[in-house]
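First the structure, in the form of structure tokens, and then the observations on it.
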Number of protein chains: 2
Amino acid sequence: MVTIKDVAKHAGVALSTASYALSGSDKVSPKTRELVLQAAKELNYQKNGFAMDLKRKSTKTILLILSDLSGPYYSELIRGTQEVTLSNGFDLIACSSVGGADSTAYKFLQERRVDGAIVLDPNISEHLLRESAREGCPIVVMDRYVEGDFIMNVAADNVQGGYEATRYLMDQGHRDIAWIGGPSNSLGSQHRKEGYLKALQEEGIANTKWMLVGNFTEEGGYHSTKVLLMQEERPTAIFYGNDEMAIGGYKALREFGLSVPEDVSIVGFDDIQVAEYLSPPLTTVRQPKYEMGTMAAHLVFQAMGGEYVNKSYKLKIELIERLSCQPPRLAPNRGKGMET
Amino acid sequence: MVTIKDVAKHAGVALSTASYALSGSDKVSPKTRELVLQAAKELNYQKNGFAMDLKRKSTKTILLILSDLSGPYYSELIRGTQEVTLSNGFDLIACSSVGGADSTAYKFLQERRVDGAIVLDPNISEHLLRESAREGCPIVVMDRYVEGDFIMNVAADNVQGGYEATRYLMDQGHRDIAWIGGPSNSLGSQHRKEGYLKALQEEGIANTKWMLVGNFTEEGGYHSTKVLLMQEERPTAIFYGNDEMAIGGYKALREFGLSVPEDVSIVGFDDIQVAEYLSPPLTTVRQPKYEMGTMAAHLVFQAMGGEYVNKSYKLKIELIERLSCQPPRLAPNRGKGMET
DNA sequence: ATGAAAGCGCTAACAT
DNA sequence: ATGTTAGCGCTTTCAT
């Protein structure tokens with residue numbers, strides 16, 4: 001491997017001179033610089049970034065940790081973080097936690113390979129987070145709440161989102177509204193459910209009968225919906241913890257010969273790209289993902305700069321009205337022994 | 001910052017002993033190890049990965065470069081590379097070329113920060129690729145063809161894909177088939193077009209009238225389609241360089257009061273998630289993305305191992321038949337001065 | 001089993 | 001303007 005030493009020798013200058021020349025310092029004469037650059041080119045010299053980081057004690061890179069590094073969900077969010085990161089002269093790399101404790105995420109966090117991190121990944125333990133966050137490596141955790149030094153949180157207001165979706169359904173006259181939630185390790189899903197329950201309670205509805213879980217996948221939504229439909233009493237509306245599950249729901253409904261929204265109204269969560277193309281187009285709740293991304297990145301840089309920042313931010317959420325909901329066809333099927 | 005030196009001192013052992021203990025070598029007695037581990041915990045010691053890499057002269061990480069780190073397109077591909085990378089005990093990080101020469105991609109490639117790279121990004125110059133690929137850092141370039149030492153290529157057989165899509169349309173009786181391609185820096189798009197032309201030629205059709213470019217975006221597809229439809233003679237079918245553009249096409253067609261597939265048949269390319277939910281569901285060409293991902297990763301590791309590998313791979317492509325095509329309604333509108 | 005010391009490739013303070 | 005040199009934090013050889 002050709003090092004700066006080789007370049008220096010080849011150019012007939014001292015090691016430091018080569019270093020200066022290569023880094024564009026004005027401490028060397030144009031002539032020497034040219035000499036060095038020439039030598040570097042001839043030898044096909046490539047700088048070793050680590051050696052540099054080691055000296056400089058900072059990497060100028062931010063790490064973005066996602067649960068699977070894929071999925072349409074992240075697009076906008078990534079774009080947001082990327083813009084901010086870049087305009088601060090930093091680099092952004094992304095990795096996932098696939099592989100558990102051997103995962104790239106763990107390695108990069110534990111080995112001080114980055115100057116800051118943004119984490120959107122329930123698999124990263126609070127322990128690791130607290131252990132890794134430090135002066136020189138602030139961490140922003142998204143969609144969950146983790147306390148600790150140099151740890152900040154940003155999330156969409158999922159409670160609000162859940163509440164508004166349910167409220168919307170109730171305003172149309174629905175009273176029998178089912179909830180199909182995400183996995184239990186998703187705080188976002190829990191909060192949506194909280195909002196859902198809050199809305200129900202406001203109307204004095206104590207629904208516990210129609211609460212199921214999918215796992216945020218189409219598959220899961222499909223199965224949970226089938227389970228739901230096999231019960232004696234059916235809801236007039238279903239609120240899904242995310243859009244993917246709602247897609248599965250559409251499928252299950254179709255299999256039961258039920259149509260949306262005539263027989264049952266549906267609302268999803270996330271507003272992924274497909275939502276608008278489903279038939280009927282899915283009414284759903286949109287999270288301000290781009291804003292969440294920029295927000296997170298800004299926080300990282302503020303914390304780096306030692307600025308005082310609030311530890312926790314909640315961003316407003318927006319209901320996207322499409323065609324998957326309408327008032328329930330009949331008077332709700334109550335009087336079969338339900339209270340109120 | 002607490003270093004291994006501090007840990008050693010705190011534990012009352014030598015630097016090297018601490019290092020051994022920390023890395024789980026069996027050269028230290030269990031007792032000393034315990035001592036060191038304890039000290040490390042007390043001081044909240046975190047190893048510095050760079051220093052380690054510097055010594056070890058390898059990073060055990062592979063870099064995946066994508067043009068924008070987002071977009072539904074990549075999902076499967078990423079999953080493929082990730083699986084292989086992980087099972088080889090390596091880490092995978094992803095970054096984009098946003099930022100041009102200042103981008104993360106450039107930095108990581110130029111500064112020897114990784115042991116290999118997979119590039120799916122037309123923005124990375126051939127020059128950089130050739131400069132960066134070397135023993136100890138093989139590079140696999142996807143969807144384009146770059147020659148050089150330690151550079152390999154994997155791509156879907158886009159020519160075949162373009163050919164089959166067009167052939168399919170022609171088998172239904174279409175003769176007036178438009179092409180709306182991607183940006184000119186996309187070799188994939190060029191190849192698809194090549195296949196398209198080849199199919200046309202087989203029937204003796206020398207179509208040049210209906211060839212436009214979008215830029216792989218919905219927006220672009222929309223506009224190009226409008227331009228197309230404003231012309232006097234209209235095609236009976238349109239073949240889009242990717243699905244996003246086809247979506248834009250659907251929209252433009254609707255605005256012109258034309259329906260798919262009755263008035264014009266459509267085929268897309270890529271088979272993104274939305275394709276199946278469009279109405280009508282989009283007939284399109286699926287690339288074996290997961291396989292391309294695993295293939296690329298395997299190649300990187302083989303090259304690392306010094307194994308002889310072919311430099312170039314082409315993967316078969318598959319036509320997904322949905323409902324956006326049907327035979328043209330009338331006899332094709334020829335006889336207006338067209339040859340044959 | 002443990003310690004001393006060399007050195008990975010680089011930057012930057014210091015000397016010339 | 002250029003050269004000399006001391007580390008950055010770590011691994012690893014070689015003595016002990």
Side-chain angles (χ1 to χ4, degrees), chain A residues 1-40 43-61 107-108 110-115 134 136-137, chain B residues 1-40 43-61 107-108 110-115 134 136-137:
Chain A
M1 191 171 46
V2 22
T3 73
I4 199 172
K5 208 164 155 183
D6 301 315
V7 175
K9 198 185 300 173
H10 193 81
V13 300
L15 180 62
S16 57
T17 307
S19 173
Y20 287 132
L22 255 10
S23 61
S25 156
D26 55 357
K27 304 185 86 174
V28 290
S29 69
K31 221 177 69 192
T32 347
R33 167 172 313 136
E34 207 39 61
L35 210 64
V36 173
L37 259 34
Q38 184 56 34
L43 299 176
N44 191 23
Y45 165 74
Q46 290 182 277
K47 111 169 345 176
N48 181 321
F50 299 133
M52 197 183 83
D53 291 340
L54 188 56
K55 270 311 264 194
R56 296 244 169 105
K57 304 201 160 230
S58 98
T59 64
K60 295 214 112 198
T61 110
K107 171 167 154 183
F108 273 68
Q110 286 178 322
E111 299 183 356
R112 305 167 154 257
R113 286 167 183 278
V114 289
D115 289 350
R134 53 169 199 280
C137 186
Chain B
M1 193 172 45
V2 24
T3 74
I4 198 173
K5 208 164 154 184
D6 301 315
V7 176
K9 197 185 303 172
H10 193 81
V13 299
L15 181 61
S16 55
T17 307
S19 174
Y20 285 133
L22 254 10
S23 62
S25 156
D26 53 358
K27 304 184 85 175
V28 290
S29 68
K31 220 177 71 192
T32 343
R33 167 172 314 133
E34 207 40 59
L35 212 61
V36 173
L37 260 33
Q38 183 57 34
L43 299 176
N44 191 24
Y45 165 75
Q46 291 182 274
K47 112 174 338 181
N48 181 324
F50 299 133
M52 194 183 85
D53 291 340
L54 187 55
K55 271 310 265 194
R56 295 240 171 108
K57 302 200 164 235
S58 99
T59 65
K60 295 213 109 193
T61 110
K107 171 166 153 183
F108 273 68
Q110 286 178 322
E111 299 183 355
R112 308 166 153 257
R113 288 168 182 278
V114 289
D115 289 350
R134 53 169 198 279
C137 185

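Within every chain, numbering begins at 1; the chains are lettered A, B, ... in the order of the sequence lines, protein sequences first and strands thereafter.
Heavy-atom nearest nucleotides on DNA chain C were determined for B:Lys57 and for B:Leu15, and the one closer to the 5' end corresponds to B:Leu15. Nucleotides of DNA chain D nearest to B:Lys27 and B:Leu54 differ in position, and the one nearer the 5' end is that of B:Leu54. The residue among B:Ala51 and B:Thr32 whose nearest nucleotide of DNA chain C is located toward the 5' end is B:Thr32.
Checking the phosphate oxygens (OP1, OP2) of C:dA1, no side-chain nitrogen or oxygen of B:Arg33 falls inside 4.0 Å. For the OP1/OP2 pair of C:dG3 and a distance below 4.0 Å, the side-chain nitrogens and oxygens of B:Thr17 include at least one atom meeting the criterion. At least one side-chain nitrogen or oxygen of A:Tyr45 sits closer than 4.0 Å to the OP1 or OP2 atom of C:dC10. Distances shown here put a side-chain N or O of A:Ser29 below 4.0 Å from the OP1 or OP2 atom of D:dT2.
Which of C:dC10, C:dC8, C:dA12 sits closest to the side chain of A:Ser16 comes down to C:dA12. Closest to the side chain of A:Ser19, from the set D:dC8, C:dT11, C:dT2, is C:dT11. Of the listed nucleotides (C:dT11, D:dG9, D:dT12), D:dT12 has the atom at the smallest distance from the side chain of B:Arg56. Minimum atom distance to the side chain of A:Lys47 is reached by C:dT11, of the listed C:dG3, D:dG9, C:dT11. The side chain of A:Lys55 approaches D:dG7 more closely than any other nucleotide in the set C:dG3, D:dG7, C:dA12.
Residues A:His10 and A:Asp6 form no side-chain contact, since every pair of their non-hydrogen atoms from C-beta on lies 4.5 Å or further apart. The side-chain heavy atoms of A:Thr3 and A:Asn48, taken from C-beta on, include no pair separated by under 4.5 Å. A:Leu15 places none of its side-chain heavy atoms less than 4.5 Å from the side chain of A:Val7.
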Which is it for B:Asp53 and B:Thr59 under the side chain to side chain donor-acceptor pair (under 3.5 Å) test, yes or no, and what are the steps along the way? CA-CA 5 Å; B:Asp53 291 340; B:Thr59 65; 5.7 Å; no

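Per the geometry, CE belonging to A:Met52 stands 16 Å off C1' belonging to C:dC8, to the nearest Å. In this structure, the CG atom of A:Asn48 is 14 Å from the C1' atom of C:dG7, given to the nearest Å. The distance from atom NZ of B:Lys9 to atom P of C:dG3 is 15 Å, rounded to the nearest whole Å. One interatomic measurement links the two molecules: CD1 of B:Ile4 to P of C:dG7, which rounds to 19 Å at whole-angstrom precision. Between the C1' atom of C:dA1 and the NZ atom of B:Lys31 lies a distance of 11 Å, rounded to the nearest Å. Atom-to-atom, CG of A:Asp53 to C1' of D:dC10 comes out at 14 Å; the value is rounded to the nearest Å. Atoms CD (A:Gln46) and P (C:dC10) sit 11 Å apart, rounded to a whole Å. The interatomic distance linking B:Lys5 (NZ) with D:dT11 (P) rounds to 15 Å, in whole Å.
Residue contacts for B:Phe50: at a heavy-atom cut-off of 4.0 Å it reaches no nucleic acid atom on any strand shown.
Taking both residues in full, the closest heavy atoms of A:Thr61 and A:Arg113 are given as OG1-O, 4.5 Å, listed atom of the first, atom of the second, then distance.
Residue B:Met52 holds its CE atom at 14.0 Å from CZ of A:Arg112, rounded to the nearest 0.5 Å.
Contact of B:Tyr20 with C:dA4 (side chain to base): no donor-acceptor pair of N or O atoms is detected under 3.5 Å.
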